[in-house]
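Atoms within each ligand, like the ligands themselves, are counted from 1 in listed order.
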Amino acid sequence: MKIDIVSVFPEYFEVLNLSLLGKAQAKGLVTVQAHNLRDWTHDVHHSVDDTPVGGGAGMVMKPEVWSECLDDLLGLAPATIAADAVDCAAEHACGTCDGEASISTDDTTAEVPDGTAADSPRPVLIFPNPSAPLFTQQDATELSHADHLLFGCGRYEGYDARIPQYYRAQGVDVREYSIGDYVLNGGEVAVSVMLEAITRLMPGFMGNPASIVEESYTGGNALLEHRQYTKPAEWRGLKVPDVLLSGDHGKVDRFRRDEALSKTDELRPDLIEALDCTQLDKADRKT
Ligand code: SAM
């Protein structure tokens, strides 16, 4: 998998060279390249932001800088956009369109500057955004099969809303995700969270692939994982449940499944309510 990240703080992603993701890069399973958005600026201050149209506090990331960068990394030729189409996209009020900009490019098979042919699979373009749908294990699973992901990290008050709109109109698979109901200073942490969740699901990433099969939120299971214990069997007066020491695999499996059900019911009843009866066996229904 190829991963490109665009940020005004590309150094932030040096930590991705550590731990399992670092090993996956060393093995050639994944390549990660962090780009500095300011490399696509032309002014002396390398500005990437401007004041919000309509007034208000803070600064908004400029679409022109992002589009030069993303056109390059996506292998798209710069667009030829009719001025009225841009107005429509911005205002949604021309009365002659449905709010989607009608945008065309001269040549969608252009060369990417690093020499990559643009006819290779186009990346999925992902923007972290606190007001987007929540990023889930299901999204991570789906994206773990992608060939190429391109992340754009927002900063300040965020990025101009026309950026994802424009690339969707170009046929790019654009996703916006929140990692939770709180506001971070920038998208870098959110991208790191998503990347870790995605890459660990790639075939060959984990030393023992079984360790990602029975995890919380995973597959048809969608429960929280049962509680885990290691040795010693008794620690500071606290014992591990006897059944886990019994050597009876059937009983251990049943105990863990009951544990997962009761723990999920206690901590995340919404996940229990979302289960349908095909996800429950007869013994579950007694639990
Ligand atoms: N003004 C925005 C708002 O109130 O929704 C917040 C902008 S935030 C300070 C700057 C950037 O951080 C966002 O554009 C986004 O890329 C990232 N970000 C902040 N919180 C996030 C979250 N919970 N999930 C994903 N990305 C987040």
Sequence neighbours left out, what passes salt bridge (charged side-chain N to carboxylate O under 4.0 Å, His left out) with Asp276? Give chain and number order. none
Is the Phe135 ring parallel, tilted or perpendicular to the Tyr177 ring (thresholds 30°, 60°)? perpendicular
Does anything in residues 21-47 form a salt bridge (charged side-chain N to carboxylate O under 4.0 Å, His left out)? List the pairs, not counting sequence neighbours. none
With Asp4, which residues qualify under salt bridge (charged side-chain N to carboxylate O under 4.0 Å, His left out), at least two apart? Lys2
Working to the nearest 0.5 Å, report the span between CD1 of Ile3 and CD of Gln25. 7.5 Å
Using a cut-off of under 3.5 Å, which N/O atoms of ligand 1 pair up with protein N/O atoms, and what distance separates each pair?
residue	atom	partner	partner atom	Å
ligand 1	1 (N)	Glu157	O	3.2
ligand 1	1 (N)	Glu157	OE1	3.1
ligand 1	12 (O)	Gly187	N	3.4
ligand 1	16 (O)	Pro128	O	2.8
ligand 1	16 (O)	Gly154	N	3.3
ligand 1	20 (N)	Leu184	N	2.9
ligand 1	23 (N)	Gly180	O	3.1
ligand 1	23 (N)	Tyr182	O	2.8
ligand 1	24 (N)	Ile179	N	3.0
ligand 1	26 (N)	Asn129	N	3.3

Which value, rounded to the nearest 0.5 Å, describes the distance between Trp40 atom CH2 and His35 atom NE2? 5.5 Å
